[in-house]
Structures are given as C-alpha cells and as structure tokens.
Amino acid sequence: MRYAAREIRLASALVEAADTLVEDFEATRYLQRVSDHCVELLDARAAGVMLIDGGRSVSLAASSRHEQVALDLLEAQHGGGPCLDSYGTGEPVPPVSIRIAHAAARWPDFTERALGHDIVTTFAVPLRRRENLLGALNVFVPTLPDTTQADDELHVAQALADAAALGLQNRSAYAQYRDLSGQLQEALSSRVLIEQAKGMLAERWSVHADRAFMALRQYARRHRLPLDQVASAVIEGAEDDAELRRESHGSADGPA
C-alpha cells in the first residue's frame, strides 16, 4: 500500500509539472514545487534544482522545506558537485555517502558544507529533454544510502526531472509563439492603419494612392516618427495637412 500511495502521489506530481501554459507562470516557484514533490516522495530533508547553461549555474530553486539548506548546498557546488557531474555526463549520480566523498576529497567545498547541515547522502539526476540538458535535480537525505531502494529512488527523481524539463521547454516554446503572434498582430495593425491613412489622403487630394503613401513616408522620415504613428495622426485628423501635401509634391521616391 505504501508504494501504491507513492505511485499515486508521483502521478499527481507529474501532471502538475506538465501544467506550465499559464499566465502567471514563474520558473523559480515552479521548480520549487518540483523540489517539494521530490522531498515528499523520497523522504528527503531537502532538494533543489540548478539550471545550467554553458557549464555554469544560471538559476537555483529549492524546496520550501529546509530551503536555505538546499540553496546553500547548491551554491557550494561552484567548484564541483553532484549537479555539475550529472549535467556534465547527462546521467544520474547515484546515492553517495557524504562522509566517504569528503574523505576521498570528492567535491570538498560541497561535502564540507553538507556535513555542517547533517546531510548524510546525496544524489542527482539531469534535467533533460531528449538531448537537451537544462540542469540537474539534487536530493539531500539525512540517512545512509539504501542499496535496495537506490534504483527506485533514482527513477522517481528522474521522472520528476524529466517532467520538469518538458514543462520548461513547453513554456519556452509557448512564450516564443506568443511573442511572435503579438509581433505579427502589431505588424498587421500597423499595416491596416497605413493603408487606411493612404486611402484617406489619396481621396482628399485626388491623387494616386502611391503618391499619398510617399507623402506619409517622407513626412515620417523627416520628423523621425514611426510610419504607423503618422498614419494614426492622419486618421484622427491631427496631422499637418499642408506639410504632408508638400511632401507628396517634393518627394522623388517611388512607390513602396
């Protein structure tokens, strides 16, 4: 029953990790929730995520339980640690005894600080989406490694890390498409304004639409104004019509 209950909690955590297409998304808070689920599912003291780019840490997030401990241990890995090892290889770092690692001078800064926080065991898994590595999830445990459960714990942590990587990539793609959509909509709105203003001037002056457009363009260049801003002024009747009309006669430019 204990394992069945954990499977249910893991499934719920994975569903939550996939939900990144929301307006109030905030990466640090999102990764803190992933770390919280890791702590709950693995009976850990704390957990944290290090996002890495170009081999260097660019962002840290820690579980709400013992948050400062987790942040301290993530920050201590500037000279090496389980996160950087896992990211560097793209593979999990299995549970390691902190005392054994410290005695072997493995990650000296990290293990020294971990001992100060009474962390006994640590392990890490990569945040990855196919070949794209984003960082690592690090787990800090107050008990010695249990070799009979090590693989199971790594699989749970890796499932959470994979879900987080997928969620972050989906969010990034969503943000890019939303920005592109906004840019296209802005460009379309600008073009509609310009066409409307061009038509109004052509009708008012009884000239070809190309000449009206040249006047708009030359006026915008001379006054260093965006073309759509000049077009808006024409539509609202706020432009200097006489000066605009002089541009239509004085421009040597051809049609757009």
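These numbers come from a predicted model, not from an experiment.
- Listed here is the closest heavy atom pair of S86 and V93: N-CG2, 3.8 Å.
- The distance from the CD atom of Q196 to the CD1 atom of I194 is 11.5 Å, given to the nearest 0.5 Å.
- L51 and Y30 end up in the same hydrophobic cluster when Ile, Leu, Val, Met, Phe, Trp and Tyr side chains are linked at under 4.5 Å.
- Following chains of ILVMFWY side-chain contacts shorter than 4.5 Å, one can reach L84 starting from L133, so the two form part of one hydrophobic cluster.
- At most 12 heavy atoms of other shown residues, nucleotides or ligands fall within 6.0 angstrom of atom CD in E203.
- Closest heavy-atom contact between A124 and L154: O-CD2, 4.4 Å.
- The same ILVMFWY cluster, assembled from side-chain heavy atoms under 4.5 Å apart, contains both L10 and V34.
- Within a 6.0 Å radius of CD1 in I100, other residues, nucleotides and ligands contribute 12 heavy atoms or fewer.
- Under a hydrophobic-cluster definition in which Ile, Leu, Val, Met, Phe, Trp and Tyr are linked whenever side-chain heavy atoms come within less than 4.5 Å, directly or via other members, L168 and V125 are assigned to the same cluster.
- Rounding to the nearest 0.5 Å gives a distance of 10.0 Å between CZ of R211 and CH2 of W205.
- With T121 contributing its side chain and S97 its backbone, the two residues share no donor-acceptor pair below 3.5 Å.
- Note: L216 CG to L193 CG = 11.0 Å, rounded to the nearest 0.5 Å.
- We find the CZ-CD distance between R65 and Q32 to be 12.5 Å, quoted to the nearest 0.5 Å.
- Here the side chain of T111 pairs a donor or acceptor atom with the backbone of W107 at under 3.5 angstrom.
- Residues satisfying the ring-ring contact (aromatic ring centres under 6.0 Å, His included) test with H223, not counting sequence neighbours, are Y219.
- Under the ring-ring contact (aromatic ring centres under 6.0 Å, His included) criterion, Y87 pairs with no residue at all, not counting sequence neighbours.
- Judged by distance alone, with hydrogens and angles left aside, the side-chain atoms of R45 form no donor-acceptor pair with the main-chain N or O of P142 at under 3.5 Å.
- Remark: of the listed residues S35, S59, C38, S35 is the sole one forming a side-chain contact (heavy atoms from CB on, under 4.5 Å) with V49.
- Between the side chains of Q158 and D162, at least one donor N or O sits under 3.5 Å from an acceptor N or O.
- In the displayed structure, R204 atom CZ is contacted under 6.0 Å by more than 12 heavy atoms of other residues, nucleotides or ligands.
- Here the side chain of Q77 pairs a donor or acceptor atom with the backbone of C83 at under 3.5 angstrom.
- V139 approaches A44 most closely through the heavy-atom pair CG1-CB, 3.6 Å.
- Of all heavy-atom pairs spanning A165 and L127, the tightest one is CB-C, 4.0 Å.
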As a quick check of understanding, evaluate side chain to side chain contact (heavy atoms under 4.5 Å, CB included) for M214 and V207, giving each step before the final call.
CA-CA 11 Å; M214 286 190 290; V207 299; over 6 Å; no
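- Note that CG of L31 and CG of L134 are 9.5 Å apart. Values are rounded to the nearest 0.5 Å.
- For the atom pair F110 CZ and H78 NE2, the distance stands at 12.0 Å (nearest 0.5 Å).
- Between the N138 side chain and the F123 main chain, a donor and an acceptor come within less than 3.5 Å of each other.
- For the residue pair A202 and A212, the shortest heavy atom distance occurs at N-CB, 3.8 Å.
- Pairs of residues two or more places apart, or lying in two chains, never qualify as salt bridge (Lys or Arg N to Asp or Glu O under 4.0 Å) while including a residue from residues 226-237.
- With respect to E40 and R9, no salt bridge is recorded, no charged nitrogen being found less than 4.0 Å from a carboxylate O.
- In terms of modelled atom types and a separation under 3.5 Å, the side chain of S63 and the main chain of A47 share a donor-acceptor contact.
- T122 places no side-chain N or O within 3.5 Å of a backbone atom of F140 that could act as its donor or acceptor partner.
- Closest non-hydrogen pair, L166 versus R129, comes out as CD1-NE, 3.5 Å.
- Under a hydrophobic-cluster definition in which Ile, Leu, Val, Met, Phe, Trp and Tyr are linked whenever side-chain heavy atoms come within less than 4.5 Å, directly or via other members, L225 and L201 are assigned to the same cluster.
- Remark: the backbone N or O of I119 is not paired with any side-chain donor or acceptor of H117 at under 3.5 angstrom.
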Report the C-alpha separation of N170 and T20 in whole Å, then their side-chain angles, then the decisive distance to 0.1 Å, and conclude whether the side chain to side chain donor-acceptor pair (under 3.5 Å) test is met.
CA-CA 7 Å; N170 285 345; T20 56; 5.3 Å; no
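- In this structure the side chain of V141 never reaches within 4.5 angstrom of the side chain of L42, judged on heavy atoms.
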